[in-house]
Amino acid sequence: MLLIENSSSFSLSLPPKNRIRMSNRNIRLRFAPSPTGPLHIGGVRTALYNYLFARKNGGKLILRIEDTDQARFVEGAENYINEDFAWCGIEFDESIEKGGGFGPYKQSERKHLYKDFADKLIESGNAYYAFDTADELNSMRLAYEVGKKTFVYNAVERKHLNNSLNISEKETAGRIKNGDAFVVRFKMPENEVVVMNDLIRGRVEVNTSVLDDKILFKSDGMPTYHLANIVDDHLMQISHVIRGEEWLPSLPLHVLLYDAFGWEKPGFAHLPLLLKPDGNGKLSKRDGDRLGFPVFPMQWTDPKTGETSRGYREDGYFPEAFINMLALLGWNPGDERELFSMDALIEAFSIERVGKSGSKFDLEKAKWFNHQYLIKKNNDELADLLMPTVIKNGILVEKEQLADAISLVKERATFVNDLWDQLDFFFKRPQQYDAKAVKKRWKANSFDLMTELKGILANIAGFEAQNIEAVVKQWIEENEYGMGAVMNAFRLLIVGALKGPHLFDIISRIGQEETLERIDQGLHELGRKE
RNA sequence: GCACCGUUCGUCUAGCCAGGUCAGGACGCCAGGUUUUCAUCCUGGUAACACGGGUUCAAAUCCCGUACGGUGUACCA
């Protein structure tokens, strides 16, 4: 049995010699989505970890579009991906838009490159031509299934299948010249142990006897993911591949491909998956609609069905909160900090502290993150964000006034739009009076109490919160009316409900005249309780 | 089926590599306190090492097995 060592560059157990060699290698990472739909949060997290790793180590991040599957292309997906990263604040150093010295950055535009590499593999005996059609293979799989066996195109089966291993070189050349459809398959060694090193999982080994002869080059002239991926990563001088765990089973093939080409391998890290919040299984598109939370960073409308899926952006999440939440889903700094700006994440990030097991998204924690960011934002900025909502509600107000009101209620909100519900009464008289509150707090003596209070308020010269409070409290104490009885009824007249910040802060903002008018309105609406 | 990966409070997780802590934190939840209301806030509480063996004076931690879960097994990525 032969041992194939993956001399992965960043394993700490490697001899110093290797590490010195590697330290000279530039750090270059890539995120390589395929434009088959919108990127969901799992993909964004993968991109984020790539970004953090690159920045942390002074490297570059590349965006490469892997569109080798022409059948699954979805209109608008590429555009969505770009917009998405712009919103999140994940920046690429090289991409279709930005360019760079290793383009093109779209695989369909690199099509001409791959055939040569497939040929090299054939020449070196690591690959071969196969003429079996997809239909033939499918029916063979079916036949095996009936016999409770699994068909695998491997070292055993290939001996009696329709490929160049079983016919002469001349005949192969003839068939290709003749225009017969063919694919190129990797010739998997029959019985070798491939030893791999994963930056997160450590040493992983697998015997090639359980692997199959994967197609590298399709009959439509395009490479499969496996070939294109290895070729491009090599050509683009990628030093580290950080990708989802669903790729771990393909790692032996990829390692073998690097060896077959004689290329230096990048370091590999396979990230645990994001799981469905209920039950198990990896998070998918549909889960969001089913469970009532966004799966996509931004809203997405399917160009074919017209179906719309909600997004974090549209739901009111701040990109910083979204990124912070996502970063902590599978990674932690090793201490008890939880709030991280992007810069702080870059500073703190290390691939070793990424967990091994999948994590479930928690909506409540996501909201908590957003709340933390909302209370940290300055009031002017929040006023700008809230202003459209205010205008939509038919209210005209100066930004300064709005910012001032926000400062009094921001602690109560999770999203910017929550703010409106928390402060609309600063700019709007009560349209109705909360029935429950009226029942509970509008007592038999309330009408007279409020009428008397109105007189007190009307005579205050400086209508500032502290001043009003002092006067009103003194009046209450002198007459032994009781704080609760007065203040709750008063709040009901001003706000229309038993909610909101310090009442004297509210009336000092709306002003003396408005305060008196609201008392009049409330007195008229609620009347004297019998 | 086969291969690989995984498994600590309901959730995110620390601790595991270098065995000895009442198994720590956060979100949620519950209770109490503060408050003119609601919310915030403060204090406290709730709750976990998948199971079974082994090694050891001592196991969440090391070893083996089992169970459960996940991923992969396409001319998808």
Side-chain angles (χ1 to χ4, degrees), chain A residues 32-36 66-69 71-72 130 132-134 137-138 141 145 148-153 181-185 196 198 200-202 204-207 209-212 214-220 222-226 228-229 243-252 270 272-273 275 277 279-282 325 328-338 352-353 355-369 371 375 409-413 422 437 440-441 469 472-473 476 482-492 495 497-504:
Chain A
S34 80
T36 53
E66 305 213 328
D67 57 344
T68 50
D69 186 359
R72 291 208 309 161
D132 323 82
T133 67
L137 294 173
N138 279 337
R141 282 198 185 91
E145 234 173 85
K148 296 215 166 162
K149 285 195 286 186
T150 309
F151 172 77
V152 182
Y153 208 120
F182 68 90
V183 300
V184 175
R185 283 183 183 271
M196 299 158 283
D198 183 276
I200 294 169
R201 282 150 227 281
V204 177
E205 39 181 273
V206 68
N207 193 303
S209 63
V210 299
L211 270 18
D212 64 341
K214 276 272 172 297
I215 291 176
L216 302 176
F217 199 83
K218 301 185 267 187
S219 58
D220 66 358
M222 282 290 235
T224 59
Y225 168 85
H226 303 292
N229 183 264
R243 80 233 286 201
E245 195 185 359
E246 68 269 26
W247 292 110
L248 197 49
S250 306
L251 183 57
H270 290 87
L273 267 16
L275 273 19
N280 291 300
K282 77 173 170 180
M325 177 272 291
L328 272 290
L329 224 47
W331 171 86
N332 74 83
D335 54 41
E336 282 166 6
R337 290 175 297 163
E338 290 198 281
E352 291 79 23
R353 292 212 62 87
K356 292 181 175 68
S357 51
S359 23
K360 293 177 187 171
F361 168 83
D362 181 6
L363 184 62
E364 292 306 320
K365 189 84 184 225
K367 284 182 184 166
W368 177 81
F369 274 113
H371 176 243
I375 59 182
V409 303
K410 68 202 282 196
E411 293 271 341
R412 304 152 182 271
Q422 298 293 340
K440 194 174 170 196
R441 295 298 190 180
E469 181 166 357
V472 171
K473 278 190 169 166
I476 291 171
M483 280 294 271
V486 174
M487 295 305 293
N488 283 303
F490 189 18
R491 179 176 292 276
L492 197 47
V495 175
L498 297 176
K499 65 171 191 181
H502 197 59
L503 192 50
F504 296 106

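Below, read A as the first sequence line, B as the second, and so on, with proteins coming before strands; counting in each chain starts at 1. Since this is a predicted model, take the numbers as computed values, not measurements.
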Ring pair (Phe, Tyr, Trp, His ring centres under 6.0 Å) partners of A/Tyr153, counting only residues at least two apart: none
In whole Å, what separates the P atom of B/C16 from that of B/C63? 14 Å
Take atom C1' in B/G20 and the same atom in B/C64, then report the distance between them in whole Å. 24 Å
Both A/Ser359 and A/Glu205 contact RNA chain B. Which one's nearest nucleotide lies toward the 5' end? A/Glu205
Can you name the ring pair (Phe, Tyr, Trp, His ring centres under 6.0 Å) partners of A/Trp368, sequence neighbours left out? none
Sugar-phosphate atoms are those with a prime plus P, OP1 and OP2; base atoms are the rest. Using that split, label each nucleotide of nucleotides 61-76 of chain B B, S or - for protein heavy atoms under 4.0 Å, 5' to 3'. --------SSSS-SBB
May I ask which nucleotide in the shown strands pairs with B/A39, Watson-Crick or G-U wobble, both distances under 3.5 Å? none
Separation of atom CZ in A/Arg243 from atom C1' in B/C5, rounded to whole Å: 14 Å
Counting any heavy atom closer than 4.0 Å, what does A/Gly202 reach on the DNA or RNA strands: base, sugar-phosphate only, or nothing? nothing
If I pick the C1' atom on B/C12 and the same atom on B/A47, what distance separates them, to the nearest angstrom? 15 Å
Evaluate whether atom NZ of A/Lys360 has more than 12 neighbouring non-hydrogen atoms of other residues, nucleotides or ligands under 6.0 angstrom away. yes
Does A/Leu328 have any side-chain contact (heavy atoms from CB on, under 4.5 Å) partners at least two apart in sequence or in another chain, and if so, which? A/Asn324, A/Trp331, A/Pro333, A/Phe340, A/Phe369
Using OP1 and OP2 only, check whether a side-chain N or O of A/Ser357 sits under 4.0 Å from B/C5. no
Considering every strand shown, what is the Watson-Crick or G-U wobble mate of B/U55 when both distances are under 3.5 Å? none
What is the base-pairing partner of B/A23, counting Watson-Crick and G-U wobble geometry with both distances under 3.5 Å? none
By side-chain contact (heavy atoms from CB on, under 4.5 Å), A/Lys149 pairs with (sequence neighbours left out) A/Tyr144
Does B/G6 have a Watson-Crick or wobble partner in any strand here, with both distances under 3.5 angstrom, and which is it? B/C68
With the sugar-phosphate defined as primed atoms, P, OP1 and OP2, and the base as all remaining atoms, what B/S/- string results for nucleotides 26-37 of chain B, 5' to 3', for protein heavy atoms under 4.0 Å? BBS-------BB
Most 5' of A/Pro277 and A/Ile375 on RNA chain B, judged by nearest nucleotide: A/Pro277
Nucleotide paired to B/C17 in any strand shown, Watson-Crick or G-U, under 3.5 Å: none
Going by heavy atoms in the side chains, are A/Thr224 and A/Lys214 under 4.5 Å from each other? no
Respond yes when some side-chain nitrogen or oxygen of A/Asn332 is under 4.0 Å from OP1 or OP2 of B/A14, and no when none is. yes
Check the distance between B/U13's C1' and A/Phe361's CZ and give it to me in whole angstrom. 16 Å
Partner of B/A77 by Watson-Crick or G-U wobble geometry, both contacts under 3.5 Å, or none? none
Within the structure shown, what part of the strands sits under 4.0 Å from A/Val204 by heavy-atom distance: base, sugar-phosphate, or nothing? sugar-phosphate
When rounded to the nearest Å, what value does the distance between P atoms of B/A50 and B/U61 take? 8 Å
A/Gln422 near the nucleic acid: base, sugar-phosphate alone, or nothing, with a heavy-atom cut-off under 4.0 Å? nothing
A/Met196 side chain near A/His270 side chain, heavy-atom distance below 4.5 Å: no
Nearest-angstrom distance from the residue atom CG of A/Leu251 to P of B/A77: 18 Å
